[in-house]
Each structure stands twice: as C-alpha cells, then as structure tokens.
A.B. asks: 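Pasting a structure below so you can have a look.
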Amino acid sequence: MKLYSLSVLHKGSTKANLLKAAYDLSSFSFFQRSSVQEFMTFTSALIVERSSLGSRASVKEQEYLCHVYIRNDNLGGVVIADNEYPSRVCFTLLDKVLDEFSRQVNSIDWPSGSPATIQYTALESYLAKYQNPREADAMSKVQAELDETKIILHNTMESLLERGEKLDDLVQKSEHLGNQSKAFYKTARKQNSCCEVM
Amino acid sequence: MNTRRRHGPRSSEDGVYTGPSQTQYQLVQPLESSPAVAVPLPTPVDTSSMSCRDRTSEFQSVCKSLQGRQNGAHTIRPVNSAVRQRSDFTLVAKQIGRDLSNTFAKLEKLTILAKRKSLFDDKAAEIDELTYIVKQDINNLNKQIAQLQELVRSKNSQNSRHLQTHSNTIVVSLQSKLASMSSDFKSVLEVRTENLKQQKSRQEQFSQSSASTSSFQDSSFNNSVLMQDSSGKADISINMDLHSSQQMQLINKKDSFIQDRANTMQNIETTIVELGSIFQQLAHMVKEQEETVHRIDANVEDTQLNVDLAHSEILKYFQSVSNNRWLLIKIFLILIIFFFIFVVFLS
C-alpha cells in the first residue's frame with residue numbers, strides 16, 4: 001500500500017493550476033523517475049479539470065488509483081495511490097491537507113500560484129506519514145488497536161479456561177490429601193487407644 | 001387457601017378477571033362472613049382471542065370447597081340473576097379489550113414502518129393510511145370507554161360494593177391502556193416527522209451535487225435525482241486518449257465515501273461492544289473460579305488440621321512408650337519368662 005504523489009491544485013475556469021506537489025518515487029527506477037513525475041503532474045491537472053466542484057472521485061488507471069477531491073472554493077487535491085490503499089483514508093487525507101493549505105496560503109495566490117511561489121511545506125511530511133494508512137488515519141488506528149485487543153482478550157480467555165482446569169485438578173488433589181490425612185489421624189488415634197497391652 | 005397470583009394481563013379481555021386480580025381474593029374472603037354476596041361469575045369466555053390463561057375453573061372449585069368447608073352442606077346460591085345483570089357490562093368490556101389489542105398491533109406495525117430510515121424505500125402512503133386508521137380507532141375506543149363508564153355509573157346503585165369497585169377498576173384500567181397507547185402513537189408520529197426532516201435535508205444535499213455533475217452524466221441520471229436504485233452510483237466509462245490511448249474509468253464515489261465512513265464507524269462501535277461483552281464474560285468466569293479456589297483452601301486447611309492432630313496423637317504415644325515404667329517391668333518379665341522357658345525346655 002503506497003502513496004505515490006500528493007498534489008494541491010487550483011481549478012480555474014479553463015485549466016487547473018498546480019500549486020504544490022509532493023512525490024514519492026522510490027519504487028521506480030532512477031531513469032523513469034522524471035518521466036513518471038511529469039506524467040503524474042499532467043494526470044492530476046487533467047483530472048482536476050475534468051471533475052466538478054464539490055465532488056470526490058476515484059479514477060483507475062493501469063494499476064494506480066487517482067483520488068481527487070475538489071472543494072467548493074475551487075481548491076482541489078489529488079492523491080495517486082496503488083490499488084490496495086483504502087480510499088476512505090485518501091479522502092480524509094485530502095480533506096485535512098486542503099483545510100490546512102487554505103489556512104496557510106492566502107486565497108489570492110491560488111489562481112496564479114506555482115510550486116515555486118507557494119509557501120507550504122507540509123505536503124512531504126503528510127505523504128510520508130500516510131504511507132502507512134493504519135497509523136495515520138485515526139479510524140484505522142482505532143480499528144487496528146481494537147482488533148489487537150480482541151486477540152489479546154481471546155488469549156486471556158483461553159488461559160483462564162486452562163486455569164479453571166488446573167484449579168479443578170487442585171481441588172481433587174487437595175480432597176484426596178484431606179482424606180488421607182484423616183485416615184492417618186484415625187490410625188494414630190487407634191494406636192493410642194487400643195493397644196494398652198504394651 | 002392458596003394465594004396464587006394470576007399473571008399480569010397483556011390484554012384487558014374481560015372474560016377472565018385479568019385486571020383486578022387482587023379484588024378477587026378479597027371477594028372470596030367475605031364468602032365466609034356473608035354468603036349472601038353474589039359472586040359475579042364470568043360469562044363463557046371466548047378463548048380464541050385471549051392472551052392469558054383461563055383459571056376460572058380453579059377459582060370456582062376453590063369457592064366451592066371454601067363454602068363447603070364453612071357451611072357444611074350449604075349449597076351455592078344461584079347467581080344467575082347477577083350474571084345476567086352484568087353480562088352486558090362484561091360483553092362491552094370484552095369488545096373494548098379486543099379492539100384495544102387490535103389497535104395495539106396496528107400501532108406496532110406503524111412504529112416499525114416509521115422507524116425505517118432508508119432514503120429510497122419510503123412507504124409514505126402506507127404510513128399515512130395506517131396513521132389515519134389508528135387515529136380513528138383511538139377515537140372509537142375513547143367513545144366506547146366513555147359509554148362503558150356511563151353504563152357502570154347507571155348501574156352503580158343496584159350492585160354491591162365489590163361489584164362497583166370491580167367495574168370501576170376495569171374502566172380505569174381500560175382508560176389507562178388507551179392513554180398509554182395514545183402517548184405511544186404520539187411518539188411514533190414525532191419520530192416520523194423527525195425522519196422526514198432528515199430525509200429531506202439529505203435529499204437536498206444529493207440533489208444539489210447531482211445537478212452540478214450532470215454535465216458528465218446521462219440524462220437518465222438527471223431525471224431520477226432521487227432514484228430508487230439504492231446503489232446510487234452511476235458507472236460511466238469515459239474514453240480519453242492520452243499518450244498511447246489509455247483507458248480511464250470515472251466512478252462517482254461521493255455516496256460511497258460517506259457510506260464507507262459510516263460503515264467503518266459502525267464496525268468500530270460493534271467491536272467495542274463485543275469487547276465489552278468479552279470483558280464481562282471474563283469477569284464472570286473469574287468469579288466462578290473463585291469458588292473453586294475457596295474449596296481448595298478449605299481442603300488444604302482440613303488436611304493441615306488432621307495432620308496436626310495425628311502428629312499430636314503420635315507424640316502422646318511416643319511419650320507413653322518412653323515413660324512407661326510398667327513397660328520396663330513387662331519387658332523384663334517377658335525376658336525372664338522366655339529365658340526360663342528356654343533354659344527349662346532345653347535342659
């Protein structure tokens with residue numbers, strides 16, 4: 001489950017304007033990287049142009065999925081991930097990123113911005129953090145921890161059952177012991193009382 | 001006299017005295033003092049629509065036995081006149097009870113229908129119809145109970161004190177049942193209006209976004225903005241030539257995203273609930289095992305006691321053996337005897 005790119009664009013009336021992008025191209029060979037990056041930029045811009053305001057969509061292309069979310073104020077984000085990455089996490093990520101971006105960067109800069117002029121540095125960190133969807137997304141984390149806890153509890157239940165069996169064993173042994181000691185006591189008492197001869 | 005309590009009534013059928021069960025036993029008591037009191041025997045009961053057990057025969061046998069015990073060969077007074085007097089009261093009350101249970105059933109159906117929160121599957125016509133019917137029924141029942149009350153009041157002078165209390169109690173219980181049903185009905189209506197409001201807001205949400213994406217989509221989708229197809233997604237493939245003619249498929253997933261999140265939250269909630277139950281079971285099992293531990297404790301203590309006592313017994317024995325002067329004499333005696341025998345027999 002990998003994320004390949006995370007980009008923020010502004011959807012103008014005719015074309016989309018790339019504001020900032022982060023790429024994780026470690027899985028591609030060195031010579032392919034530049035062309036892949038270009039391709040991703042182009043794809044993101046194209047998708048943003050084709051999508052409408054206030055919509056979320058996922059576009060499947062070869063073995064990649066492009067998730068796009070365009071807000072009502074023309075700000076859009078595109079995440080390119082592989083097929084296994086859960087789409088819900090992508091959209092949550094896009095929501096968060098776009099929120100923060102809109103707070104940090106002035107909306108005046110949007111229509112005319114470019115990666116060089118826009119001051120927003122968190123994209124890389126987000127991309128890195130969300131490489132592992134389990135840890136990054138709150139809901140997935142909670143779900144994963146709950147599952148873990150359930151497994152631990154199941155193990156506990158089993159140990160408890162074993163403990164129960166052992167306790168039953170102990171009860172029987174202690175009963176046996178008690179009976180033997182009683183017999184011992186009786187014999188000892190008999191010793192004392194009956195053999196007055198000696 | 002055995003004072004078995006009759007089970008609480010689920011419907012107020014008056015064939016059997018299910019309402020005021022307490023007053024029946026009070027009725028039996030005064031049999032001893034004033035056998036002139038007419039015990040109102042119920043008319044033959046229509047058991048097909050009852051939801052509680054009919055123990056009339058037991059009651060009658062108890063009465064007979066009591067009377068026989070008290071008054072020797074005293075025969076039971078004919079109570080037909082009382083039966084005829086009260087028969088129409090019981091009939092009316094029975095009718096009311098039956099209607100009440102029917103209306104209850106309809107109200108339950110209405111509740112189930114009104115609680116459905118699905119956006120597309122709304123049976124509005126049915127719900128409205130049912131609401132109207134239930135309202136009519138409630139009004140009818142109201143009128144009937146008012147009539148019954150009039151009847152009771154008109155006959156009050158003729159009947160004895162017990163009968164009065166009895167009839168009044170029955171009327172009061174019917175009224176209280178009707179009141180509870182009306183309050184249930186009101187709450188159901190409130191739930192329904194709440195749901196309608198929610199549905200409306202959701203529909204508005206969807207209809208706005210669908211209108212904006214209409215440029216992409218088929219006209220059919222435009223026409224059925226609130227379409228009955230619960231899948232709600234239009235799969236549309238768009239052929240775009242990029243570089244070397246790649247195929248892309250555009251899937252409108254707005255609905256599914258929200259549903260996804262809702263599903264995840266539900267899953268989390270169910271998991272948490274399950275965890276809670278597992279913890280509870282755990283605690284229960286530990287508590288059960290505590291008893292076993294107590295038994296082991298008791299057994300081991302028992303053993304210790306026994307061993308201690310036995311130890312003391314043996315000590316006593318040892319002391320007796322070691323201090324017994326008699327023993328020494330006895331040993332010497334035996335030795336000497338043996339010695340004599342040996343010497344005498346050998347020589």
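The sequence lines fix the lettering, A, B, ..., with proteins before strands; numbering per chain opens at 1. All values derive from a computational prediction rather than experimental measurement.
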A.B. asks: When rounded to the nearest 0.5 angstrom, what is the spacing between NZ in A/K166 and CD1 in B/I296?
C.D. replies: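 Those atoms lie 12.5 Å apart.
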A.B. asks: State whether the number of non-hydrogen atoms from other residues, nucleotides or ligands found under 6.0 Å of A/K182 atom NZ is greater than 12.
C.D. replies: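 Not buried by this count: 12 neighbours or fewer within 6.0 Å.
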A.B. asks: Considering only heavy atoms, which portion of B/E274 lies under 4.5 Å from any heavy atom of chain A: side chain, backbone, both, or neither?
C.D. replies: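 Just its side chain gets close to chain A.
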A.B. asks: Quick check: do A/F184 and B/N306 have side-chain heavy atoms less than 4.5 Å from each other?
C.D. replies: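 Heavy-atom side-chain distance check fails, nothing below 4.5 Å.
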A.B. asks: Identify the heavy atoms of B/Q289 and A/L160 that sit nearest to each other, and give their distance.
C.D. replies: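 So the minimum-distance heavy-atom pair works out to NE2-O, 2.9 Å.
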A.B. asks: Which one wins on heavy-atom pair count under 4.5 Å against chain B: A/A188, A/S140, A/S174?
C.D. replies: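 Most heavy-atom pairs within the cutoff with chain B belong to A/S174.
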A.B. asks: Can you confirm whether more than 12 heavy atoms, excluding those of A/R33, are under 6.0 Å from its CZ atom?
C.D. replies: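 Correct, the count exceeds 12.
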A.B. asks: CG/A/L170 to CG/B/D297 distance, rounded to the nearest 0.5 angstrom?
C.D. replies: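 The distance works out to 11.0 Å.
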A.B. asks: Would you give the length of the straight line joining atom CZ of A/R189 to atom NZ of B/K316, rounded to the nearest 0.5 angstrom?
C.D. replies: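 Between atom CZ of A/R189 and atom NZ of B/K316 there are 9.0 Å.
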A.B. asks: Do you know the tightest heavy-atom contact between B/R261 and A/D95?
C.D. replies: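 Closest pair (atom of B/R261, atom of A/D95, distance): NH1-OD2, 4.4 Å.
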A.B. asks: When only pairs under 4.5 Å are counted, which of B/L275, B/I314, B/D302, B/I272 shares the most heavy-atom pairs with chain A?
C.D. replies: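 The option with the most such pairs is B/L275.
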A.B. asks: Given that the side chain runs from C-beta out, which part of B/N267 has a heavy atom under 4.5 Å from chain A: side chain, backbone, both or neither?
C.D. replies: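 Both backbone and side chain.
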A.B. asks: Kindly indicate whether the side chain of A/L161, heavy atoms from C-beta on, has any atom under 4.5 Å from the side chain of B/M285.
C.D. replies: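 They are in contact (side-chain heavy atoms under 4.5 Å apart), so the answer is yes.
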A.B. asks: What's the shortest heavy-atom distance between B/I268 and A/Q143, and which atoms?
C.D. replies: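 Looking at all heavy atoms of both residues, the closest pair is CG1-OE1, 3.0 Å.
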A.B. asks: Say you draw a straight line from CG of A/L153 to CD of B/Q281; how long is it, rounded to the nearest 0.5 Å?
C.D. replies: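 Here the interatomic distance stands at 10.5 Å.
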A.B. asks: Looking at B/D308, B/L282, B/L305, which has the largest count of heavy-atom pairs under 4.5 Å with chain A?
C.D. replies: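 If we count pairs closer than 4.5 Å to chain A, B/L282 comes out on top.
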A.B. asks: Would you give the length of the straight line joining atom CG of B/N263 to atom CZ of A/R88, rounded to the nearest 0.5 angstrom?
C.D. replies: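 Rounded to the nearest 0.5 Å, the CG-CZ separation comes to 10.0 Å.
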A.B. asks: Checking A/H176 against chain B: side chain, backbone, both or neither under 4.5 Å from a heavy atom?
C.D. replies: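 Answer is neither: A/H176 stays 4.5 Å or more from chain B.
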A.B. asks: Do other residues, nucleotides or ligands put more than 12 heavy atoms under 6.0 Å from the CD atom of A/Q104?
C.D. replies: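 Yes, enclosed.
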A.B. asks: Does CZ belonging to A/R163 count more than 12 external heavy atoms closer than 6.0 Å?
C.D. replies: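 Yes - once you tally the heavy atoms of other residues, nucleotides and ligands closer than 6.0 Å, there are more than 12.
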A.B. asks: What pair of heavy atoms forms the shortest contact from A/M157 to B/I278, and how long is it?
C.D. replies: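 Closest heavy-atom pair between A/M157 and B/I278: CG-CG2, 4.4 Å.
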A.B. asks: Would the number of heavy atoms belonging to other residues, nucleotides or ligands and lying under 6.0 Å from CD of A/E63 be above 12?
C.D. replies: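 Yes - once you tally the heavy atoms of other residues, nucleotides and ligands closer than 6.0 Å, there are more than 12.
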A.B. asks: Can you confirm whether B/N299 sits close enough to A/L177 that some side-chain heavy atom of one is under 4.5 Å from a side-chain heavy atom of the other?
C.D. replies: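 No, every pair of side-chain atoms sits at 4.5 Å or beyond.
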